[in-house]
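Before any comments, here is the structure.
Order of appearance sets the numbers: ligands from 1, and atoms from 1 within every ligand.
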Amino acid sequence: MDYVVFPTAGDLARAAADLVIDEISKSDEFVFGLAGGSTPKLTYEVLADAPVDWSSVTTWMTDERWVSPDDAESNQAMVRASLRTEGRVAFVAPDTELEDPADAAERMTKSMAWLTSRTQARSLTFLGMGDDGHTASLFPGTEALESQTDAYLANWVPQHDAWRLTASFGLLARSDLVVFLVAGQNKAEVVSRIAAGEIYPAARVEAEERVLWMLDETAASLL
Ligand code: 6PG
């Protein structure tokens, strides 16, 4: 596990924002995958106030809950509010107002095929991790873990009794860089198990160049 530890979640968020700002400044075209969760949200709030030239950047949502895009539970609602995307940041996210999660996944697969075909673009994807080792909406024991494609998937998650939409492992692996943002004592055990080689969904994520784990001290406390 390639990791770096920060004293607090706030320090982690500032460092993650700095990394993104540096990568954007070095690229003519940038594709930026966004995660839900409280740790990425802190980073978006830092980024929203930073002097970033968003004109070269297209962001996309790595997973979404099957709720209205304005619902308090919606990942894209959180991103729109915390990164302040409206009118300034290109943002691709699943259309959860369609009838059927499979249709929303298919449309998102087409959008992502267009984005990943821009081979001159540099790409970085943020991911979070739950204390069960899930990442994006790739939950332990669910069907999406078996997908061999680089599609965007509709994934039934019995743990939540709900549909989720999620990037597949294949799609995540198209990113040059994947950066996990993980904070909190409740993550410590699964972080240490992954470092010891145990297989969880988050442990299966690959990237073209590098998968980096940014941890706060509590999440890293059992390493
Ligand atoms: C979701 C969340 C979830 C989140 C992790 C980590 O849609 O269920 O996005 O996958 O990323 O649970 O969340 P925290 O960063 O809040 O610990």
So which protein heavy atom does atom 10 (O) of ligand 1 come closest to, and at what separation?
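For this ligand atom, the closest protein heavy atom is His134 NE2, 2.7 Å.
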Of the side chain and backbone of Glu64, name the one, both, or neither that has a heavy atom under 4.0 Å from an atom of ligand 1.
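Contact part for Glu64 vs ligand 1: neither.
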Taking non-hydrogen atoms only, is Asp63 closer than 4.0 angstrom to ligand 1 via side chain, backbone, both or neither?
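Under 4.0 Å from ligand 1, Asp63 contributes side-chain atoms alone.
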Between Tyr200 and His134, ring centroids under 6.0 Å
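Not close enough - the centres of the two rings lie 6.0 Å or further apart.
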Within the 4.0 Å heavy-atom shell around [X], which atoms of ligand 1 are there?
X	answer
Thr39	14 (P), 15 (O), 17 (O)
Asn75	7 (O), 9 (O)
Arg65	1 (C), 2 (C), 7 (O), 8 (O)
Ala136	10 (O)

Any donor-acceptor N or O pair under 3.5 Å, side chains [X], [Y]:
X	Y	result
Arg122	Ser27	no
Asp53	Ser55	yes
Glu64	Ser74	yes
Asn155	Ser137	no

Contact (N/O only, under 3.5 Å) between Gly36 and ligand 1
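Looking only at distances, the answer is yes, because the N/O contact criterion of under 3.5 Å is met.
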Nitrogen or oxygen of Ser137 less than 3.5 angstrom from that of ligand 1
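N/O-N/O distance under 3.5 Å: no.
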Flag the pair Arg80 and Asp70 as a salt bridge only when some basic side-chain nitrogen lies within less than 4.0 angstrom of an acidic carboxylate oxygen.
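Answer for the salt bridge query: yes.
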Heavy atom to atom 6 (C) of ligand 1, shortest distance: which of Met129, His160, Lys41 holds it?
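When every heavy atom of Met129, His160, Lys41 is considered, Met129 comes closest to atom 6 (C) of ligand 1.
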For the residue pair Trp156 and Trp163, categorise the inter-ring angle as parallel (less than 30°), tilted (30 to 60°) or perpendicular (more than 60°).
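Perpendicular.
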